[in-house]
Each structure stands twice: as C-alpha cells, then as structure tokens.
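Structure first, commentary second.
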Amino acid sequence: LDVDSDYETLEQQVKEGKIDEAYIDKAVRRVLYVKFALGLFDRPYYGDPKLVKKVVRSDKHIALAKEVADESTILLENKNNILPLDLSKYKSIAVVGPNSNQTVFGDYSWTTPDTKEGVTLYQGLQQVLGKKKTILQADGCNWWNRADSKDIEQAVKAVEQSDLAIVAVGTRSTFLGRGPRYSTAGEGFDLSSLELPGNQSELLKAVKATGKPMIVVLISGKPLVMSWAKENADAVLVQWYAGEQQGRSLADILVGNVNPSGRVNVSFPRSTGNTPCFYNYYPTDRVQRFDRPGTYEEPAGHYIFEHPYALWEFGYGLSYTNFNYSGCTLNDSIYSDQGTIVATVEVENTGKRDGKEVVQLYVRDKISSVSTPIKQLKAFKKVFIKAGEKKIVTLEVPMSELALYDVRMKPVVEPGEFEIQIGSSSDRIHFNKTILVK
C-alpha cells in the first residue's frame, strides 16, 4: 500500500478484524492532545487567514531571522584584517557569483528566482551602503553546470571597474516535490565531487587574476572543498542557508555593524578524497608515522600528497577581536561516577571591538575497554565580552556524559583518567587537565 493512503483503509481493516480500533483511538488522542496544547480550540482565530500578515514576516519575526543569521555566519579567513571593510578605501564594489543576488532558503523551502521573500547579498549591501558606494552585480556563471565563459567575462569586467570583489558561491536547494530543477544540495541531490559545482572555481580564479582584493562568501547547505579559496582569497565567510535576512546579515558583517561569532559545526575537507573528515576520530585512525602532511616532493602515508586533517576543524571560527584564556580550574580532580564536572575559565577580550566567544569543552577517555574518540565536545557556551573586559565562564558536564557503551552494549562510566580540554575550537585547545574517576 502507498504509505500516504494507508489511512483510507483503516475503517475496512477494523471491520475485517485486522486492526484493533483501540490503536486508532490512541492515534487520534495524540493528535487532539497536541491541538489542545497549542490552544487551537481555545483560540480559533489562529485559523483566520486575515491575521496571517500580522504574524508572518512581522517586525518581531524579521528581527529574529536577522539574529539567527548574525549568530550563525562564520568567518574562516581574514588576511591582514581586511574585514570589517574600511570603506574609505573602496569607492566601488563588485558583487558577483551565482549566489550574489539570490536568496537561498534551503532544503524543503520555497526557493524561486523571485527574491522578494528574502534579502540577497547584493540587496543587503545596497541597504547598508545606500548611495555612498557604487555597487556592480553580475552572476558570472550559474551554480550547476559549465556554462558559456562569456558570463565569467561579464563578472570580471565588473570587478575590473571596481576596487573590491565579493564573490558569492555555493549550492542551491529546493523543495524536492516542487521545482527541484538544478538543485545541487538537499534530499535526493548528491554530488559526485565536493568541488564547487559548475564554473564557480573558474570564476574565483578569473576574479583573482584581476589583482583586486577578493572576499569569498560560501552560501551552502554543506561543506565544500574550499582549499583554493583559503590560500588565495583575502577573506572567507561561510553562511549556511540563513533565512530571509541572509543578505542583510552578510552586509552588516562585511562592514562591521555585526561582529561574526559563528563556529564550524562540521569539519571542512581539503579535497573530495579527504573524506570522511571529522574531529572526533579514533586513535587508530591516525598512525604516528603517517600523521604528517605529504607533498609531491616527499609523499607521505594516508593522503600521500595532502595534510591528513581538515581544512577548517570542527568548532573553528574567527572574530573581529581577540580573546585570551587564563586561569582554568575544575571543581575537583577525583570524581565518582555520579555528580558533575564544573570547569571555570577566565576569558578576556584583548581587542578593540566588543564580540562573542564560544568557549568549548572536550573530553578524552585516556584508557577505555572499547575504542573511544580522541576527543568529544561535551559543553560549550557563547558569551558576549566587551573590548578590554574579562569574564569568568562556567561549563558543566554531568558525569553521565563520560559514559561509553561497553562490549555488552551497556552504558557505563569506567574508572580511570579522563582529559578535560578547554579551547576555542577542537584544534585550538588552551588548557588540558586530567581527572580521575573512581
């Protein structure tokens, strides 16, 4: 039977004694419970279509969408502190790339060529800069195939006429059942390569060849190979599908109205072959004699011509200010298999801008009866710290978080040594402290 039409057979199956009516009553009761909990019977005006405009895209919800985009966008590279932009240096800006003037809402969202339901990067810069700067826009290429090079030439021409290039590349995802044509991400749409689809890499190289400063913005639903951009771009920003205010958020970040504070929630591979790529690998995944980068002059083991680790590791992200960690303490050094680990660390904003830091706590089980990862994120906290200010940050980890599944698949906190690591990403650990569990 088609799963979507099974309910149409229920009455007949009850009559035939194939299904007990009590199961249907139970399912109906669950639906009614949710409706009562939502107040649908107490507040029937929820269903009044005339009130939709008072709720959907209200000022409050637009502000929330902007906050989500601001908090999640990640700054990955910022050479010579080109960001935030010193607008006195740039009279004109070229905004190019297939995602430069398109809102990309993500999988199972209504994404169309019409951008009226969201703010694109190009529109966001227009809103922020107004008529103060000349802003040129060109797609340069589409996002899915190798199109005519004339489009790249058009984008290059816009860059040559400008003092700065912002290139927005990435993927697009749509609702699987409604107009999914040309999707390069999302359910049912897989890539055979993690390189930028279509001519996007060629576009980046053509823009770089102009000699103009280049900021790369990856707007995508998944990490792609950005090794070339890391080496050649002056700055790299990553924005996952960030909703209707995505473009305005990017514009505010670029000019410094917002200090980026997002962190990488999935490691970025160096190449398609450099996968799977994750921070919490097992000790046996990295043999010491192979644990070094290979080169064409001197190949090594594992990825013989590459570094064996991620391009940007889990938890990584930059800010427009700097943070210093000091004075890490734990509430004890010996624990039972009950209770809570309480870690405190002093974090100082040593830069000139207010900003948010994401303090992260990782745990490594040093000796265990079954293999466990070299580290696992167990707690984190994002804190706002004014320039020059210090804050004490407290992170708590219940001892149950140290449990593993033993050979009998029973969760157990084994006695022994555990390493508590505190840092600003999985590869930037500032403190290591060992505790003993009895």
Side-chain angles (χ1 to χ4, degrees), residues 263-269 274-293 300-303 307-317 323-347 357-382 392-438:
R263 296 296 182 265
V264 171
N265 59 346
V266 56
S267 298
F268 272 71
N274 189 207
T275 52
C277 179
F278 48 92
Y279 83 97
N280 51 339
Y281 57 84
Y282 291 86
T284 51
D285 287 342
R286 294 287 185 267
V287 181
Q288 187 172 3
R289 62 193 178 94
F290 291 153
D291 194 16
R292 60 185 178 86
H302 284 203
Y303 302 106
H307 198 291
Y309 297 107
L311 188 67
W312 292 297
E313 295 278 358
F314 177 88
Y316 183 79
F323 298 96
N324 182 61
Y325 286 59
S326 62
C328 176
T329 61
L330 300 179
N331 60 329
D332 209 337
S333 59
I334 301 176
Y335 297 81
S336 69
D337 60 356
Q338 304 293 321
T340 301
I341 300 171
V342 180
T344 59
V345 61
E346 185 177 78
V347 183
E357 174 68 336
V358 182
V359 183
Q360 303 166 39
L361 186 153
Y362 297 84
V363 174
R364 178 175 186 175
D365 191 342
K366 298 180 78 170
I367 299 177
S368 52
S369 63
V370 297
S371 187
T372 54
I374 64 161
K375 66 182 68 174
Q376 296 182 82
L377 180 69
K378 294 298 182 180
F380 67 91
K381 185 177 291 185
K382 179 183 279 194
I392 300 296
V393 180
T394 301
L395 298 173
E396 297 186 2
V397 180
M399 291 302 294
S400 58
E401 285 292 315
L402 273 57
L404 54 76
Y405 283 92
D406 63 16
V407 293
R408 296 179 178 84
M409 294 306 294
K410 300 292 184 181
V412 57
V413 178
E414 294 186 334
E417 292 185 332
F418 290 80
E419 189 176 274
I420 307 301
Q421 306 174 9
I422 295 181
S424 46
S425 69
S426 62
D427 63 334
R428 294 186 297 176
I429 300 300
H430 305 304
F431 293 102
N432 291 276
K433 291 183 179 292
T434 298
I435 64 170
L436 179 64
V437 175
K438 286 192 172 182

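Residues satisfying the side-chain contact (heavy atoms from CB on, under 4.5 Å) criterion with Pro415, sequence neighbours excluded, are absent altogether. Under the side-chain contact (heavy atoms from CB on, under 4.5 Å) criterion, Asp337 pairs with Val413, not counting sequence neighbours. In terms of the side-chain contact (heavy atoms from CB on, under 4.5 Å) criterion, residue partners of Ile374 (sequence neighbours excluded) are, by chain and number, Tyr281, Pro283, Arg364. Remark: Glu357 pairs with Arg263, Tyr325 by the side-chain hydrogen bond (donor to acceptor under 3.5 Å, both in side chains) rule, at least two apart or across chains. Considering only residues two or more places apart in sequence or on other chains, Ser371 meets the side-chain hydrogen bond (donor to acceptor under 3.5 Å, both in side chains) condition with none of them. Checked against ring pair (Phe, Tyr, Trp, His ring centres under 6.0 Å), Tyr335 has no partners two or more places apart in sequence or in another chain. Partners of Val342 according to the side-chain contact (heavy atoms from CB on, under 4.5 Å) rule, which considers only residues two or more places apart in sequence or in another chain, are Asn331, Thr340, Thr394, Glu396. Considering only residues two or more places apart in sequence or on other chains, Ser326 meets the side-chain hydrogen bond (donor to acceptor under 3.5 Å, both in side chains) condition with Glu346.
For the salt bridge (Lys or Arg N to Asp or Glu O under 4.0 Å) condition, the pairs that include at least one residue of residues 368-380, sequence neighbours left out, are Lys378-Glu401. Judged as a salt bridge (Lys or Arg N to Asp or Glu O under 4.0 Å), the pairs with a partner in residues 408-427 (not counting sequence neighbours) are, in order, Lys366-Glu417.
Between Val397 and Leu402 the shortest side-chain heavy-atom distance falls below 4.5 Å. Side-chain contact check for Val412 versus Leu404: some heavy-atom pair is nearer than 4.5 Å. Within the 4.5 Å cutoff, the side chain of Ile341 has no heavy atoms near those of the Val363 side chain.
Here the shortest heavy-atom pairing between Ser267 and Phe314 reads OG-N, 3.3 Å. Residues Cys277 and Pro269 approach most closely at SG-CA, 3.9 Å, considering heavy atoms.
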Under 3.5 Å donor-acceptor pairs involving side-chain atoms of residues 430-438, not counting sequence neighbours:
unit_1, atom_1, unit_2, atom_2, d
His430, NE2, Ser424, OG, 3.1
Lys433, NZ, Cys328, O, 3.4

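Applying the side chain to side chain contact (heavy atoms under 4.5 Å, CB included) test between Gln360 and each of Ile429, Leu395, Leu377, Ile422 identifies Leu377 as the sole match.
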